[in-house]
Amino acid sequence: MEGFLELFTKIERSINGFVWGPIMLVLLVGTGVYLTFRTGWIQVRWFGYIMKNTVGSLFSKSGKKDHGSNLSPFQAVTTALAGTVGTGNIAGVTGAIFAGGPGAVFWMWVSAFFGMCTKYSEIALAMKYRDTDANGVHKGGPMYYIERGLGKNWKWLAVIFAILGGLASFGIGNIAQSSEIAGALNGLFHIPTLAGGIILTVVVAVVVIGGVKRIGQVTSLLVPFMAIFYILAGICVIVLRITDIPAAFAAIFTEAFSLKAVEGAIFGIAIMKAMQNGFARGVFSNEAGLGSAPIAHAASSTEEPAEQAIWGVFEVFIDTIVICTITSLAVILSGVLEAGSTSVYGGNGAAAVAAFNFILPGTLGGTVIQISLLFFALSTILSWSYYGERCWGYISHDNKAVIMVYKVIFVLFCIVGATGSGQLMWDISDTLNGAMAIPNLIALLALSSVVAKITKDYFDRKK
């Protein structure tokens, strides 16, 4: 048995090495570059318009009215953000910096810049090719725009995406997050992991069994709170070391182009080995290209594809450019990098705790990180429960019994995650999560002309 497990682990790591290797990372970023040109650099030319009509519209009356069985545009984006803003924003970013130095931050910014167009394109396609059932409920995502956009002959690719997404919902979307929540509850309130898992199971069950509408209602309250809490805490950390800010940014830019940073360069695109090691965790900083977030956006009541899609630009901006930059600066300014390895602190999350503790008085920094991880992980579980539901719903043709069985199993997996500690399960989940990108990127590239037309028609009307 041990020999089989060792062989399985070796095979899994080889697959993971490809999924998160230089070729795939270049494909992810390269797709973003290509779509940036196809959409006319909307993240630059229309940035002001996008911010005004996303975050600037949050307090409008349309954002507060009832949208029937579907989500409001704001609920759709907070559901997507809930799945995107997760432990990767703290532990993933910390791991990337420890692996490749401050220069890793620069390349995260680059991936986020082009990722804005990738996520915009995903959402635009999800909106255009979504399905609406007899009750008027919208549903969509990569599996729908693969089948409807590329044609019935490509349904096999849509099914592959749905299977990968459905399985990943149990791993990255549940077990990994439940483990973080159990640890945070234990650290904050000394609650045993089993008890923490049971509490989490009850909370998740109440929300998940209620369907996408309840998930949207909860995330619309949870996401703004957790984002503002972490951003304010991070700003306090930065202000306390304000005089070191110029040196921190200097380190980010100079080390981005060091030999260490460009070790994985391919075809003139500098992809750091540090990003290869850290991107698997830090991918939650924007999630562009994986195809999960469009599933939530497709449930929006918005009728105009581009109107909902511009939320994708805002999503990546707030998640990576704002939240991940705050984490990065806290780590760099704290001086924890001088130890040279996260093993000194017991892992990426512990290193982030150490970074905040070095700057904030007493153990306040650790408390901030634990509270943030608690809410970040909980919101991720809620969103991924819906992603998985839609994936299994697509495969089963929305069989109610199948969907209910999925929900029950998903909820019970919270206990598995809270009490387990298998690194192999983390790695398998990681691989499944990254593998989702392959069918999605194929569809994005093949349907880029559709995205270009949607974009041109919409912004021509706005000029």
Side-chain angles (χ1 to χ4, degrees), residues 15-39 41 43 80 83-84 86 88-89 92-93 95-96 99-100 104-126 141-142 145-146 157 160-161 164-165 168 172 256 261-295 309 312-313 315-317 319-321 324 429-448 451:
I15 298 174
N16 187 276
F18 170 77
V19 169
W20 292 112
I23 295 176
M24 270 297 295
L25 296 185
V26 169
L27 182 59
L28 277 164
V29 177
T31 299
V33 173
Y34 178 69
L35 291 171
T36 294
F37 280 96
R38 291 305 306 263
T39 58
W41 297 77
Q43 75 271 53
T84 304
N89 292 77
V93 172
V105 180
F106 175 82
W107 296 110
M108 273 191 255
W109 289 340
V110 171
S111 68
F113 176 79
F114 293 111
M116 291 179 187
C117 270
T118 303
K119 182 160 280 192
Y120 165 86
S121 302
E122 292 176 305
I123 298 170
L125 291 174
Y145 58 72
I146 290 174
L157 190 64
I160 288 176
F161 175 88
L164 291 170
I172 292 294
V262 298
E263 192 172 350
I266 295 178
F267 301 114
I269 301 176
I271 302 295
M272 300 179 306
K273 187 175 181 180
M275 284 200 75
Q276 181 181 345
N277 294 328
F279 197 76
R281 298 293 184 270
V283 69
F284 291 118
S285 68
N286 57 56
E287 210 171 292
L290 298 189
S292 50
I295 297 174
V313 177
E315 225 173 88
V316 176
F317 177 80
D319 190 274
T320 304
I321 304 301
C324 285
S429 303
D430 220 16
T431 302
L432 289 169
N433 196 220
M436 290 169 58
I438 298 175
N440 185 50
L441 293 176
I442 291 173
L444 286 176
L445 292 171
L447 296 172
S448 60
V451 176

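All figures in this text were calculated on a predicted structure; none of them were measured in a lab.
With values rounded to the nearest 0.5 angstrom, Phe113 atom CZ is found 4.0 Å from Gln43 atom CD. For the atom pair Asn440 CG and Ile160 CD1, the distance stands at 13.0 Å (nearest 0.5 Å). From Trp109, atom CH2 reaches atom CZ of Phe114 across 15.0 Å, with rounding to the nearest 0.5 Å. Between Thr31 atom OG1 and Leu441 atom CG the span is 4.5 Å, to the nearest 0.5 Å. The line from CE of Met116 to OG1 of Thr36 is 9.5 Å long, rounded to the nearest 0.5 Å. In this structure, the separation between CG on Leu27 and CD1 on Ile442 is 8.5 Å, given to the nearest 0.5 Å.
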Next on the checklist: Please evaluate residues Leu444 and Thr118 with respect to the criterion side chain to side chain contact (heavy atoms under 4.5 Å, CB included), reporting the C-alpha separation (whole Å), side-chain torsions for both, the decisive distance (0.1 Å), and the verdict.
Outcome noted: CA-CA 8 Å; Leu444 286 176; Thr118 303; 3.9 Å; yes

Checklist entry - Given Val451 and Tyr120, is the side chain to side chain contact (heavy atoms under 4.5 Å, CB included) satisfied, shown in steps? => result CA-CA 9 Å; Val451 176; Tyr120 165 86; 4.1 Å; yes

Item to check | Stepwise side chain to side chain contact (heavy atoms under 4.5 Å, CB included) check, Phe161 with Leu157 | outcome: CA-CA 6 Å; Phe161 175 88; Leu157 190 64; over 6 Å; no

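A search for side-chain hydrogen bond (donor to acceptor under 3.5 Å, both in side chains) contacts involving Trp41 returns nothing, not counting sequence neighbours. With sequence neighbours excluded, the residues that form a side-chain contact (heavy atoms from CB on, under 4.5 Å) with Ser448 are Tyr34, Leu35, Arg38.
Distance alone, capped at 3.5 Å, is enough to place a donor-acceptor pair between the Glu122 side chain and the Gly289 backbone. Side-chain atoms of Ser111 come within 3.5 Å of backbone N or O of Met108 as a donor-acceptor pair.
Of all heavy-atom pairs between Pro439 and Ile146, the closest is O-CD1, 3.9 Å. Considering all non-hydrogen atoms of both residues, Ile295 and Gly141 come closest at CG1-CA, 4.0 Å. Across all non-hydrogen atoms, the minimal contact from Ala435 to Leu164 is O-CD1, 3.6 Å. The nearest pair of heavy atoms linking Cys324 to Val93 is SG-CG2, 3.5 Å. Minimum interatomic distance between Ala309 and Ile123 (heavy atoms only, all atoms of both residues): CA-CG2, 3.5 Å. Of all non-hydrogen atoms in Tyr145 and Ala126, the two that sit nearest each other are CD2-N, 3.5 Å.
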